[in-house]
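The structure under discussion appears below in the form of structure tokens.
A note on names: the letters A, B, ... follow the listed sequences, proteins ahead of strands, and every chain is numbered from 1. Side-chain atoms are counted along with the backbone in the values below, which use heavy atoms only and exclude waters and symmetry mates.
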Protein chains: 2
Amino acid sequence: MLSIANLGHGVNVSAITNAETGASRQPQPAPRRLLAAAIEAFAERGYQATTTRDIASRAGMSPAALYVHYPSKERLLYEISRSGHVDVLEVLHAVPGGPPSERLRHMVEAFTTWHAEHHTIARVVQYELAALSADHLADIAAVRRDITAAFEDVLTAGLADGSFEIADLSGSALALMSLSIDVARWFSDGRRLSPADLGRLYGDLALRMVKA
Amino acid sequence: MLSIANLGHGVNVSAITNAETGASRQPQPAPRRLLAAAIEAFAERGYQATTTRDIASRAGMSPAALYVHYPSKERLLYEISRSGHVDVLEVLHAVPGGPPSERLRHMVEAFTTWHAEHHTIARVVQYELAALSADHLADIAAVRRDITAAFEDVLTAGLADGSFEIADLSGSALALMSLSIDVARWFSDGRRLSPADLGRLYGDLALRMVKA
DNA sequence: GTCTATAATCTGATAGAC
DNA sequence: GTCTATCAGATTATAGAC
């Protein structure tokens with residue numbers, strides 16, 4: 001994921017995931033260890049049930065050390081939510097052009113695979129919006145509108161060239177997105193279907209929902 | 001909804017909803033006022049972010065009065081979650097028999113309409129399971145298995161008589177359920193589509209996903 | 001069955017030493 | 001940049017009067 005190597009706040013999903021899994025073999029710096037710990041805790045127990053003590057101890061430090069790197073618990077949530085949302089949007093924009101049918105299939109496949117692969121971050125992205133401050137929520141709502149627009153655009157294109165048959169455009173867009181978003185609720189590692197398998201299955205189901 | 005008039009703990013979704021909206025015109029007894037207040041608060045802020053003071057004050061009483069009617073905040077969550085789950089299962093079992101295509105369409109329509117109509121209870125049902133005690137969660141997980149089985153059964157029937165074409169049965173059942181469950185996340189009153197409209201749209205989309 | 005008052009604990013965040 | 005110690009306030013739940 002080179003294209004998202006440097007986001008606004010210097011953090012991206014790959015870096016966080018590596019910090020989480022230790023995949024990079026290098027000792028991670030404190031801010032990333034805290035992000036990874038917060039993702040884990042928020043996904044497991046929810047933002048409100050997670051204490052700053054819990055986050056700090058998962059990252060191997062004292063409660064006070066957290067505040068050297070982040071000014072508040074909410075800011076930690078915001079950084080996670082923002083990088084997750086931006087990453088999703090990048091994944092959708094990276095889908096190759098082509099006929100609307102193939103574009104939609106690839107979008108749903110990528111969107112689903114992302115939610116399964118990054119299911120911990122996805123849970124924070126989709127279910128912890130209410131805990132954000134008003135300013136931070138407004139910032140993230142803008143990204144969410146772009147995500148919705150990406151789905152509505154491909155449906156519009158498919159209606160225009162006659163390859164789709166859709167009774168309600170924005171309702172169907174929402175339904176397609178729901179399919180993938182809900183994966184964050186139930187997916188866990190070690191499931192029968194891999195994230196890639198699930199993506200292919202859901203891409204196929206999505207196409208059947210709208211094709212003429 | 002006469003068939004669910006008396007659940008194990010003497011509460012059902014209709015009674016709670018009436019307490020919430022005041023639809024019955026009669027002053028509601030304290031336990032139901034508390035249930036309605038808790039549903040509202042849990043759906044709005046989540047279980048962990050909701051305080052017993054908040055619930056009590058929404059129900060028009062002091063914090064201490066709550067404990068006369070319920071032994072804990074978690075018990076309040078359990079009663080709500082349980083009656084919601086049982087109500088969903090009743091709604092699915094109430095779908096008339098017939099060919100698998102029509103049965104599936106009606107099931108998804110009813111399941112979706114329920115999640116939109118009762119979107120506050122639905123939010124608690126779908127997103128607050130982690131806050132339940134181990135015993136209460138086990139109790140509710142059993143009802144959830146029955147709900148999943150209802151969808152898998154109709155897909156199996158449709159495969160047997162050749163009316164469905166499905167690559168992955170349990171994966172497709174999960175996908176169908178996701179469509180409706182995710183409604184609880186985004187639906188709110190006064191939306192463009194009514195719960196009934198949404199149910200019809202989703203019933204149609206679901207059928208397209210699986211039909212031969 | 002409701003209230004006021006409060007116990008016991010936990011929370012996010014800060015102070016100040018090293 | 002990390003620690004120990006702690007503040008100030010909030011939290012669930014209980015005690016006891018009416």
Side-chain angles (χ1 to χ4, degrees), chain A residues 9-11 19 26-81 124 128 130-137, chain B residues 9-11 15 19 26-42 44-81 124 128 130-137:
Chain A
H9 295 80
V11 179
Q26 295 219 327
Q28 293 289 332
R32 290 191 179 179
R33 281 199 336 264
L34 285 164
L35 276 179
I39 289 169
E40 218 178 274
F42 292 164
E44 236 172 64
R45 309 135 103 50
Y47 176 82
Q48 299 284 354
T50 299
T51 68
T52 53
R53 279 165 176 77
D54 184 21
I55 297 167
S57 97
R58 283 183 201 241
M61 33 185 123
S62 76
L66 185 153
Y67 292 91
V68 173
H69 306 285
Y70 297 94
S72 68
K73 186 174 109 168
E74 191 273 342
R75 180 59 181 265
L76 215 30
L77 172 66
Y78 171 61
E79 305 259 346
I80 293 163
S81 189
V124 181
E128 301 297 340
L132 291 164
S133 73
D135 281 1
H136 287 162
L137 179 59
Chain B
H9 296 80
V11 179
Q26 293 219 331
Q28 293 287 335
R32 291 192 177 178
R33 274 187 359 250
L34 285 164
L35 276 179
I39 289 169
E40 220 178 272
F42 292 164
E44 238 172 63
R45 308 133 105 50
Y47 175 82
Q48 299 284 354
T50 298
T51 66
T52 52
R53 279 167 174 75
D54 185 20
I55 297 167
S57 96
R58 282 182 201 240
M61 36 186 119
S62 77
L66 186 154
Y67 291 90
V68 174
H69 305 285
Y70 297 94
S72 68
K73 188 174 108 169
E74 192 272 343
R75 180 57 181 267
L76 215 29
L77 172 67
Y78 171 62
E79 303 259 347
I80 293 163
S81 189
V124 181
E128 302 296 342
L132 290 164
S133 73
D135 281 1
H136 288 161
L137 179 59

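- Residue S62(A) is classed as a base contact, given a heavy-atom separation below 4.0 Å to a base.
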One character per nucleotide, please: for nucleotides 13-18 of chain D, 5' to 3', B when the base has a protein heavy atom closer than 4.0 Å, S when only the sugar-phosphate does, - otherwise. BBB---
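- Residue whose closest nucleotide on DNA chain D sits further toward the 5' end, between A49(B) and A30(A): A30(A).
- Going from atom CE of M61(B) over to atom C1' of dT4(C) covers 17 Å, rounded to whole Å.
- In terms of heavy-atom proximity, Y70(B) sits nearest to E79(B) at CE2-CG, 4.1 Å.
- With hydrogens and angles ignored, the 3.5 Å screen pairs a side-chain donor or acceptor of T50(B) with a backbone N or O of G46(B).
- Nearest heavy-atom pair, R58(A) versus A37(A), reported as atom, atom and distance to 0.1 Å: CB-CB, 3.6 Å.
- In this structure, CZ of R32(B) is placed 14 Å from P of dG1(C), rounded to the nearest angstrom.
- Here the closest non-hydrogen pair linking M61(A) and L34(A) is CE-CG, 3.8 Å.
- Computed from coordinates, the H69(A) NE2 to dT14(C) P distance equals 15 Å when rounded to whole Å.
- Rounding to whole angstrom units, CD1 of residue I55(A) and P of dT11(C) are separated by 12 Å.
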Test salt bridge (charged side-chain N to carboxylate O under 4.0 Å, His left out) applied to R45(A) and E40(A), step by step: CA-CA 9 Å; R45(A) 309 135 103 50; E40(A) 218 178 274; over 6 Å; no
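- Put simply, CD on Q48(B) is 16 Å from C1' on dG12(C), counting in whole angstrom units.
- When all heavy atoms of L66(A) and L76(A) are compared, the pair lying nearest together is CD1-CD2, 4.2 Å.
- In this structure, the CG atom of L66(A) is 15 Å from the P atom of dT4(D), given to the nearest Å.
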